[in-house]
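Protein chains get the first letters and strands the later ones, always in sequence-line order, with residue 1 at the start of each. As the structure is a prediction and not an experimental result, all values here were calculated from the model.
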Amino acid sequence: EVQLVESGGGLEQPGGSLRLSCAASGFTFNTYWMRWVRQAPGKGLEWVASIKGDGNEKYYVDSVKGRFTISRDNAKNSLFLQMNSLRADDTAVYYCARGGPGRSLDIWGQGTLVIVSS
Amino acid sequence: QSALTQPASVSGSPGQSITISCTGTSSDVGGYDYVSWYQQHPGKAPKVIIYEVINRPSGVSNRFSGSKSGSTASLTISGLQAEDEADYYCGSYASSGTPYVFGAGTKVTVL
């Protein structure tokens with residue numbers, strides 16, 4: 001079964017750091033682009049970052065550039081999002097998603113909740 | 001402000017057809033056939049129901065169909081059913097700025 005499972009969310013203070021993980025299974029992980037997408041409470045979807053299968057290309061939404069780092073460990077079929085200098089507006093459910101045909105996001109994890117608050 | 005424009009809500013009675021629009025620019029929807037549609041039920045992760053404007057993934061009902069004209073893509077749900085009540089988001093590859101953009105979402109209500 002193709003599956004993505006996120007972990008690492010929680011409550012963090014403004015200015016703090018969190019590292020999200022996404023464990024992939026059921027497909028050849030290193031051949032797919034992977035993405036992080038977030039959804040603030042009661043709001044819509046926002047693409048956050050993407051990484052190529054070999055890890056050599058990375059892209060970020062402007063609001064997280066310089067603060068968040070996307071990475072992957074293909075040997076462990078894992079995707080990561082290192083989040084530093086967290087702000088209140090980073091509060092959201094964070095989903096990892098697989099890059100599918102036509103640049104779609106064809107497989108999604110269940111999401112992990114990040115709350116940034118003092 | 002989302003890059004793609006969708007109506008906030010659309011409603012219809014069971015059995016009817018409804019259409020959700022998604023308007024972008026020549027840098028995203030209008031320039032590429034990389035438009036997808038996602039269905040999200042409350043408390044659940046999104047699920048892709050249309051990719052590359054018109055294609056349905058395996059297992060998605062053929063009551064869902066997509067189309068595009070210029071910089072506006074559309075999702076049509078025919079034979080509306082209670083289980084179709086959800087939020088629907090369009091998404092597109094974009095060649096300038098953020099490489100992937102979403103619409104703000106449309107809440108579909110089955111009356």
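Put simply, A/V116 and A/Y60 are part of the same group of oily side chains (I, L, V, M, F, W, Y) that touch within less than 4.5 Å, one to the next. By the rule that hydrophobic residues join a cluster once side-chain heavy atoms approach within less than 4.5 Å of another member, B/Y88 and B/L111 end up as members of separate clusters. If you chain together hydrophobic residues whose side chains sit under 4.5 Å apart, B/Y93 and A/W36 never meet in one group. Linking ILVMFWY residues whenever their side-chain heavy atoms come closer than 4.5 Å, directly or via other members, places A/L86 and A/L113 in the same cluster.
B/K44 has its side chain out of reach of A/Q110: every pair of non-hydrogen atoms, C-beta onward, lies at least 4.5 Å apart. Side-chain contact check for A/L45 versus B/P46: some heavy-atom pair is nearer than 4.5 Å. A/W47 has its side chain out of reach of B/V101: every pair of non-hydrogen atoms, C-beta onward, lies at least 4.5 Å apart. A/Y59 places none of its side-chain heavy atoms less than 4.5 Å from the side chain of B/Y100. Looking only at side-chain heavy atoms (C-beta outward), B/F102 and A/V37 come within less than 4.5 Å of each other.
Residue B/Y32 does not touch chain A at all, counting heavy-atom pairs closer than 4.5 Å.
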- Message: Applying side chain to side chain contact (heavy atoms under 4.5 Å, CB included) to B/Y34 and A/S104, what does each step give before you reach the verdict?
- Response: CA-CA 7 Å; B/Y34 289 147; A/S104 66; over 6 Å; no
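Inspection of the B/Y89 and A/Q39 side chains reveals an N or O donor paired with an N or O acceptor under 3.5 Å.
Interface check for chain A: of the options B/V48, B/N55, B/D33, the most heavy-atom pairs under 4.5 Å are formed by B/V48. Your options are A/L105, A/V61, A/D106, and the one with the most heavy-atom pairs under 4.5 Å with chain B is A/L105.
Around the CZ atom of A/F68, the shell of radius 6.0 Å holds more than 12 heavy atoms that belong to other residues, nucleotides or ligands.
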